[in-house]
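The structure appears below as structure tokens.
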Amino acid sequence: QVQLVESGGGLVQAGGSLRLSCAASGSIFSINAMGWFRQAPGKQRELVAIIPSDGSTNYADSVKGRFTISRDNAKNTVYLQMSSLKPEDTAVYYCNADIRPTNWSAIRYAYWGQGTQVTVSS
């Protein structure tokens, strides 16, 4: 079994910063891409940022220049540093990882964390 556990959400004033963490544990042979998604009330889940195993990064236009995604492969952990937060960043943030659980099968699965609430007050 693979688990993704997120931490770091909370309430912050506009202009403030938060750092989210997501640690993957369990049966893991390799991790390809890791990313962060978010879902605001009444809206669809959207991609915030993604970081493949080569360390390249891609961001949603709405967060470029304000958010930074990074990963620690030794710890199977992905981070999202969020700065200059805006009320429209308020959402539940979900971690996602593309994981190959075993070395005897090439099949990979997409795993999700339980979500962490980020609320930005104006």
Side-chain angles (χ1 to χ4, degrees):
Q1 285 282 21
V2 174
Q3 281 190 320
L4 300 183
V5 179
E6 298 141 342
S7 61
L11 173 65
V12 64
Q13 287 188 330
S17 299
L18 282 175
R19 187 191 194 211
L20 305 183
S21 300
C22 172
S25 63
S27 176
I28 299 172
F29 177 71
S30 64
I31 302 177
N32 189 9
M34 304 184 82
W36 290 94
F37 291 71
R38 67 186 181 186
Q39 188 166 18
K43 295 187 176 181
Q44 289 189 329
R45 190 173 298 189
E46 63 175 0
L47 174 67
V48 175
I50 190 166
I51 181 168
S53 56
D54 65 2
S56 60
T57 57
N58 198 14
Y59 298 91
D61 288 342
S62 58
V63 307
K64 281 181 181 176
R66 300 188 298 120
F67 291 10
T68 302
I69 189 171
S70 61
R71 62 191 284 174
D72 184 334
N73 292 328
K75 296 181 179 180
N76 291 335
T77 299
V78 63
Y79 305 95
L80 185 68
Q81 178 67 48
M82 305 184 293
S83 303
S84 301
L85 283 160
K86 305 175 181 180
E88 50 263 43
D89 294 318
T90 296
V92 178
Y93 283 70
Y94 296 92
C95 170
N96 173 270
D98 180 23
I99 295 175
R100 178 179 169 183
T102 65
N103 64 346
W104 49 264
S105 172
I107 296 176
R108 302 197 310 263
Y109 301 90
Y111 293 90
W112 292 90
Q114 78 284 1
T116 185
Q117 177 70 46
V118 172
T119 303
V120 184
S121 63
S122 57

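As the structure is a prediction and not an experimental result, all values here were calculated from the model. Counting from 1, the numbers follow the sequence of the chain as shown.
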Inset, instruction - Look at the side-chain heavy atoms of Ile, Leu, Val, Met, Phe, Trp and Tyr, link any pair under 4.5 Å apart, and say whether Val78 and Tyr111 land in one connected group. - result: yes

Legend entry - Co-membership, hydrophobic cluster, residues Val63 and Ile69, 4.5 Å side-chain: yes

Inset, instruction - Before giving the answer on side chain to side chain contact (heavy atoms under 4.5 Å, CB included), spell out for Phe67 and Leu18 the whole-Å C-alpha distance, their side-chain angles and the decisive distance to 0.1 Å. - result: CA-CA 10 Å; Phe67 291 10; Leu18 282 175; over 6 Å; no

Rounded to the nearest 0.5 Å, how far apart are [atom1] of [X] and [atom2] of [Y]?
| X | Y | atom1 | atom2 | value |
| --- | --- | --- | --- | --- |
| Ile99 | Ile107 | CD1 | CD1 | 14.5 Å |
| Leu4 | Asn76 | CG | CG | 9.5 Å |
| Asn96 | Ile50 | CG | CD1 | 7.0 Å |
| Cys22 | Gln3 | SG | CD | 11.0 Å |

Would you name the heavy atoms of [X] and [Y] that are closest together and state the gap between them?
| X | Y | answer |
| --- | --- | --- |
| Thr68 | Tyr59 | CA-OH, 3.4 Å |
| Ser21 | Trp36 | O-CH2, 3.7 Å |
| Ala91 | Ala40 | CB-N, 3.8 Å |
| Gln117 | Val92 | OE1-CG2, 3.2 Å |
| Ser53 | Ile31 | CB-O, 3.9 Å |
| Ala60 | Leu47 | CB-O, 3.4 Å |

Please check: side-chain N/O of [X] versus main-chain N/O of [Y], any donor-acceptor pairing under 3.5 Å?
| X | Y | value |
| --- | --- | --- |
| Arg108 | Asp98 | no |
| Arg38 | Thr90 | no |
| Glu6 | Cys95 | yes |
| Arg100 | Ser105 | yes |
| Thr57 | Ile51 | no |
| Ser122 | Pro87 | no |

Inset, instruction - Apply side chain to side chain contact (heavy atoms under 4.5 Å, CB included) to the pair Asp72 and Tyr79, showing each step before the final yes or no. - result: CA-CA 8 Å; Asp72 184 334; Tyr79 305 95; 4.1 Å; yes

Inset, instruction - Kindly determine whether Tyr93 and Leu80 satisfy side chain to side chain contact (heavy atoms under 4.5 Å, CB included), including the steps that lead there. - result: CA-CA 10 Å; Tyr93 283 70; Leu80 185 68; 4.2 Å; yes

Inset, instruction - Using the test ring-ring contact (aromatic ring centres under 6.0 Å, His included), find all partners of Tyr94 that sit at least two apart in sequence or belong to another chain. - result: none

Legend entry - Residue pair Met82 / Asp89, side-chain heavy-atom distance below 4.5 Å: no

Inset, instruction - Measure the shortest side-chain to side-chain distance between Arg71 and Asn73 over non-hydrogen atoms and say whether it is less than 4.5 angstrom. - result: yes

Legend entry - Charged N-O contact under 4.0 Å between Lys64 and Asp61: yes

